[in-house]
Amino acid sequence: MRTLVRTGLVRSVGFMAPGQARMVVEEPATASAAQPGQFLEIDCTPAADGECARSASLRAPFLRRPISFCNVDRVAGTFTLAFRVSGAGTDALSRFRTGDRLSFLGPLGHGFTLPATGTCLAVGGGIGVYPLLHLLRAARERGLGTAAVCGYRSPEEAFLLDEFREVSDRTFFASDSGGLDFTGHAGAALEAFLASQTPAGPVTVLTCGPFPMMRAVAGLCARQGHACQVSLEERMGCGTGICLVCACKVRSLERGEPEYRRCCTEGPVFDAREVVWE
Amino acid sequence: MRTLVRTGLVRSVGFMAPGQARMVVEEPATASAAQPGQFLEIDCTPAADGECARSASLRAPFLRRPISFCNVDRVAGTFTLAFRVSGAGTDALSRFRTGDRLSFLGPLGHGFTLPATGTCLAVGGGIGVYPLLHLLRAARERGLGTAAVCGYRSPEEAFLLDEFREVSDRTFFASDSGGLDFTGHAGAALEAFLASQTPAGPVTVLTCGPFPMMRAVAGLCARQGHACQVSLEERMGCGTGICLVCACKVRSLERGEPEYRRCCTEGPVFDAREVVWE
Amino acid sequence: MSTTPDLTVRIGAVVLKNPVIAASGTFGFGREMADVFDLSQLGGICSKGVTPEPRVGNPPPRVAETASGMLNSVGLQNPGLERFVSEELPFMKSLGTVVIANIAGNTVEDYQAMCRRLDATDVDAIELNLSCPNVKEGCMAFGSTPTGVAGLVRAVRPMTRKPLWVKLTPNTGDIRETSIAAEASGADAVSLVNTLLGMAIDIRTRRPVLRNNTGGLSGPAIKPVALRMVHEAYQAVGIPIVGMGGILTGEDAIEFLLAGATAVQVGTANLVNPLACQDIMDAMFRYAKEIGLERIADLTGALRIW
Amino acid sequence: MSTTPDLTVRIGAVVLKNPVIAASGTFGFGREMADVFDLSQLGGICSKGVTPEPRVGNPPPRVAETASGMLNSVGLQNPGLERFVSEELPFMKSLGTVVIANIAGNTVEDYQAMCRRLDATDVDAIELNLSCPNVKEGCMAFGSTPTGVAGLVRAVRPMTRKPLWVKLTPNTGDIRETSIAAEASGADAVSLVNTLLGMAIDIRTRRPVLRNNTGGLSGPAIKPVALRMVHEAYQAVGIPIVGMGGILTGEDAIEFLLAGATAVQVGTANLVNPLACQDIMDAMFRYAKEIGLERIADLTGALRIW
Ligand SMILES: Cc1cc2nc3c(=O)[nH]c(=O)nc-3n(C[C@H](O)[C@H](O)[C@H](O)COP(=O)(O)OP(=O)(O)OC[C@H]3O[C@@H](n4cnc5c(N)ncnc54)[C@H](O)[C@@H]3O)c2cc1C
Ligand SMILES: Cc1cc2nc3c(=O)[nH]c(=O)nc-3n(C[C@H](O)[C@H](O)[C@H](O)COP(=O)(O)OP(=O)(O)OC[C@H]3O[C@@H](n4cnc5c(N)ncnc54)[C@H](O)[C@@H]3O)c2cc1C
Ligand SMILES: Cc1cc2nc3c(=O)[nH]c(=O)nc-3n(C[C@H](O)[C@H](O)[C@H](O)COP(=O)(O)O)c2cc1C
Ligand SMILES: Cc1cc2nc3c(=O)[nH]c(=O)nc-3n(C[C@H](O)[C@H](O)[C@H](O)COP(=O)(O)O)c2cc1C
Ligand code: FES
Ligand code: FES
């Protein structure tokens, strides 16, 4: 039997930037199992020890929230979640305190597929940068080349820069309002980056961020002949594949017909060629 | 305008006995205003600063919970709540931590009326003993005689004994299972106590506890000619008098007809002669 | 509050300062809150349900908490129409806001007589409660079918020149049909919705928690259903809709306006937050200001369905 | 689990190990949970709603969180009856528990054809879904009136010897009437209730959150309504009732039994707690043991109303 419901110990909670929270959780089995691009379905109220479903009147908010692995430390048995406070759930999550118990399901979903050789070029926009940190660390551990192109709204809202530098052979930080390596969004930054650099070996682009940005990235990769994987986002019910609410429109590479696939199970990461960009 | 919605600072939370919690809250205006027998309507999720109604998805449990003042320290600007963990609300409340903010309405309700002279004889059973502590302290401050008859299930579940000794001229502790001053419930204990003692001046009995116990106490007082006030309990919606769900059946001393009065506003304390004991 | 954005709304001839009305049964007759905040700021106050004769109401327990909501079985405890008119209405009218009398009866004649009596008062509007689930006779029985609604409203309409708001029950197969019946029979507005009929059980005693066995479900739990019904009714009738059901925040209220409500009533929220109406008015004002809206009335029905 | 207390319940000819069934649409076809806990322990599994032809379902967003509940507008995404029979049913039957096929169609003929086809399979029972609020034609239209229910069930009954469970909608004026219609037309059981039709609005975009505009409300928010309907239906019909709506814990499930359900289905709870069914079965067992109950079936209808 597969253990799907787990409880971890909150090691720390804090803000990296206004509205951008980070939580470190200890749960060794989860840290060992976590693959880049996978996520957890998180209960946003602190759990009593071992408890999963509390009585209805205490589930607030009601549904769990999907959050990706941002960083994983297998040795310490911990993982980091980074998230934007954007509603009731993430707000409640940001109010957890050291010592609280966190109930979650996972690791869930089909994450990024690391190439056998060459360079992993991670392209992120906004909160989409978070899962890329874990991805690049994993790529480096496999001996692959690593590069990061990250787009932020402004330098004040640019987070994790040092962490990205640590795991990347090259970094290229963009800001909509200037003040970093490049002025403009991540898609444009990628174009500039690829024009100026020739990464080692075949390039695999792995991207996460706003839909229009990922569309631009996918288009560029198609034109330049790079493999491209995209991490899609859809509202979820279960995260485990049983409720079918997280429909993503994709076109099967074999069958060609657009169809709905589950973001939580067949995704969140898809081959960019499959995605229906509408 | 009257300030009804207040937020206090939780100074400490702990357990006095298994399932019996105690919380000290700092809010000077409330501590000054609190009258014995009054209560607060408490929001069982920690409040963000100053916040009262949070979004629907974060109200858990939904309704507030009525809890009486157990002790008040006007100098420190604090008050103590003591409560039994008996469901979702009190459970959530017991998980508050020092530094949390507590949202409440109050002080609410019509409390005990202290007599001008003589002795206040407080008779409590189970969690009904809690509000009597505040009552006896207030009586003593007014220079009245004070006596406490408290009934517990067992000596292990007997709490606040020292606190009661501190504010009472005489105490008489009863336990259903023996091991204290008297074996039996609080009603029987009162009878034994009155048989063995002659408190100074006219006796006013003030009682809070299980309905059958209070009925016994009220009956004894009627027979022996003591004034008696009882604190009734009813499920509440608002605590402020607007919803009419907290109906207590009482018989107006003038009109004589049984009618429903609001436990939260006309009560919780009623003259024992008014109560319809059914 | 400044005059822009303009929060005024009109329910037929009745002009409200803003769209927020304290709902029937959750604000008494305004007395308990009169020294808690300035009630003259309210769009309106709707009285507790009034019946021809005084009613003692149902035996307790009358309340059961549920997930994000509550069940009540108050059973229209009220002092009766005469004492309402002589003691409560003058006080309510003194508050400086629009006063709506919520009335309920067992028979058509009850409603007729009450409307005739209220016609001679200075009440601003009458809300016909055809939807109380907590009394044995009448009331919800009238409100659950189009013919019941039509028959009652038609009989009552000639009794008064006061605006008639018809409060309908969500315990029905199609809210459009009962709303259309109300409009066709002369209602000036429909109030949507009253409580959903519900039950809670104590597994220890094997008894319903409520002494009345069932009760009316209110609060955030019912908001999705109420909002859908307001949206449906808005597409079916031309008279204004007073929307309610689970409104706790300004955002909730705006959702109801977008779905088609001209004004909203705030009920259960007052129980957990006595300042709910004020907080909601403030939040609506801020919202309108932020998005540069000139008139809040422009939000009514502005939902763009897919 | 030991054999006392006896958790077995009977829905007509179908014997369930215990009263807990995973509800349609919230457990897939059992594949995702087959390695999460031992599904052979379940009372039963009800399939996702199956239609004659494959359906892609509605466009996203298909889910909106609400207070203590959720709205869904999946729209019966499923592989169609043939692939269900050839690919999913054999797997489900291999799990060692009772398998119920939930079916939905646009026309009477759709239901007839599906029942005929399923009659030739080893499915244990057929649940006629007359209550899906998320598809344009058929389905809920049949289930919202007594005549609709009667017409459909009567037409379908001769097509199969399998037990027929009729799943009814709470979006109706009187659940007793639709339940009686189902019983009178040959249903072996009624399943109560499907989702309440609801709506959620994004005030920023002024759009419904769901791309389908409306959706079905499920979860604890609807429990009081579902429980009341089970209680009403229990007093009106003699066939067994499969109760559901907001069950999250063993206590919730026992409330439904007391109200009159013979078995329960657990839906939305599976989404927030994949072990919900197991936790509920365990809690029911413990409860029965604690109070010295010999047979859980004795709880059905044991509510003592006031
Ligand atoms: C696979 C996956 C991984 C994610 N990883 C991260 C991450 O690492 N860091 C991070 O900041 N965010 C991440 N998100 C987005 C995150 O799930 C949402 O920001 C969060 O659910 C919002 O919840 P809320 O209660 O704060 O907001 P609310 O708006 O109150 O949420 C209401 C409902 O909508 C859903 N919802 C709202 N916004 C989104 C969204 N953008 N995506 C999916 N569902 C949404 C919520 O889950 C909830 O059900 C991820 C989303 C997905 C699908
Ligand atoms: C005026 C007044 C003063 C009180 N003071 C105290 C006190 O000082 N210490 C203390 O331990 N308890 C006190 N109680 C009882 C206390 O309010 C309940 O124990 C508490 O509400 C239970 O909530 P829960 O969520 O833990 O239980 P649940 O059973 O989950 O509550 C469900 C619902 O029932 C209501 N409810 C349940 N039990 C009671 C009850 N006994 N009385 C009233 N409502 C109830 C709750 O308020 C809630 O609405 C007082 C009650 C009243 C009316
Ligand atoms: C305690 C209580 C008493 C109520 N009494 C009445 C009433 O007398 N007349 C009436 O029309 N509605 C009555 N209602 C219904 C409310 O006015 C309102 O329609 C319903 O509660 C839904 O709104 P809400 O969710 O904001 O409370 C009552 C509701 C509650 C909670
Ligand atoms: C995501 C989702 C999908 C559903 N799909 C179906 C379905 O295909 N057929 C059906 O009869 N009911 C379906 N339902 C309704 C459930 O089976 C159940 O009747 C309802 O959700 C109430 O129970 P609950 O509150 O325990 O979820 C679905 C419910 C949800 C939440
Ligand atoms: S979220 Fe339930 S199937 Fe994907
Ligand atoms: S609790 Fe609302 S009137 Fe007493």
Side-chain angles (χ1 to χ4, degrees), chain C residues 59 64 66-71 144-145 169-174 196-208 210-217 219-232 246 248 250-252 254-259 287 291 299 302-306, chain D residues 59 64 66-71 144-145 169-174 196-208 210-215 217 219-232 246 248 250-259 287 291 299 302-306:
Chain C
T66 68
S68 296
M70 62 178 271
L71 291 164
S144 31
T145 62
T169 175
N171 302 296
T172 181
D174 195 335
L196 278 159
L197 191 59
M199 189 176 214
I201 294 173
D202 182 332
I203 67 166
R204 214 178 34 77
T205 61
R206 300 194 183 172
R207 288 277 195 193
L210 299 175
R211 187 68 172 68
N212 193 46
N213 297 316
T214 57
L217 182 65
I222 72 167
K223 195 184 83 172
V225 174
L227 209 49
R228 183 260 302 177
M229 289 190 170
V230 167
H231 171 68
E232 286 178 345
L248 223 57
E251 291 200 7
D252 296 333
I254 289 161
E255 288 187 51
F256 274 87
L257 298 191
L258 292 171
Y287 168 84
I291 64 164
L299 290 180
L303 179 71
R304 302 182 301 139
I305 61 170
W306 292 102
Chain D
T66 68
S68 296
M70 62 178 270
L71 293 164
S144 31
T145 63
T169 174
N171 303 295
T172 181
D174 195 335
L196 280 158
L197 192 59
M199 188 175 213
I201 293 173
D202 182 332
I203 67 167
R204 213 178 35 77
T205 62
R206 300 193 183 175
R207 288 277 196 194
L210 298 175
R211 186 67 172 68
N212 193 46
N213 296 317
T214 57
L217 182 64
I222 72 167
K223 194 184 82 170
V225 174
L227 210 47
R228 183 261 301 176
M229 289 191 170
V230 167
H231 170 67
E232 286 178 344
L248 222 58
E251 290 200 8
D252 295 334
I254 289 161
E255 287 188 51
F256 274 86
L257 298 192
L258 292 171
Y287 168 85
I291 65 163
L299 290 179
L303 179 71
R304 301 180 304 137
I305 61 170
W306 293 101

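When each of C:T169, C:N213, C:I291 is scored by its heavy-atom pairs under 4.5 Å with chain D, the top score falls to C:N213. Interface summary for chain C: among D:I203, D:V225, D:L217, the most heavy-atom pairs under 4.5 angstrom belong to D:I203. Between chain D and the residues C:T214, C:L197, C:L210, the largest count of heavy-atom pairs under 4.5 Å involves C:L197. When D:A259, D:P208, D:A221 are compared by the number of non-hydrogen pairs under 4.5 Å with chain C, D:P208 comes out ahead. Annotation: maximal heavy-atom pairing with chain C below 4.5 Å, among D:R207, D:M199, D:E251, D:K223, occurs at D:R207. Comparing C:P170, C:P59, C:P224, C:G69 by how many heavy-atom pairs each has under 4.5 Å with chain D, the most go to C:P224.
In this structure, the portion of C:L299 lying under 4.5 Å from any heavy atom of chain D is its side chain and not its backbone. Proximity to chain D (any heavy atom under 4.5 Å) is shown, for C:A64, by neither the backbone nor the side chain. For D:I222, no part lies under 4.5 angstrom from a heavy atom of chain C. No part of D:A226 comes within reach of chain C, as not one of its non-hydrogen atoms sits under 4.5 angstrom from that chain. Both the backbone and the side chain of C:I305 come within contact range of chain D, each with at least one heavy atom under 4.5 Å from a heavy atom of that chain. If you measure heavy-atom distances from C:F256 to chain D, you find no contacts under 4.5 Å at all. Using a 4.5 Å cut-off between heavy atoms, D:L303 touches chain C through backbone and side chain atoms alike.
D:E232 pairs by the salt bridge (charged side-chain N to carboxylate O under 4.0 Å, His left out) definition with D:R228, not counting sequence neighbours. Residues satisfying the side-chain hydrogen bond (donor to acceptor under 3.5 Å, both in side chains) criterion with D:T172, sequence neighbours excluded, are absent altogether.
Residue C:L257 holds its CG atom at 10.0 Å from CZ of D:R206, rounded to the nearest 0.5 Å.
Across all non-hydrogen atoms, the minimal contact from D:R211 to C:W306 is O-CB, 3.3 Å.
Remark: side-chain polar atoms of D:R304 are paired, donor with acceptor, to backbone N or O of C:T205 under 3.5 angstrom.
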Inset, instruction - Would you please test C:I201 and D:L227 for side chain to side chain contact (heavy atoms under 4.5 Å, CB included) and show each step? - result: CA-CA 9 Å; C:I201 294 173; D:L227 210 47; 4.1 Å; yes

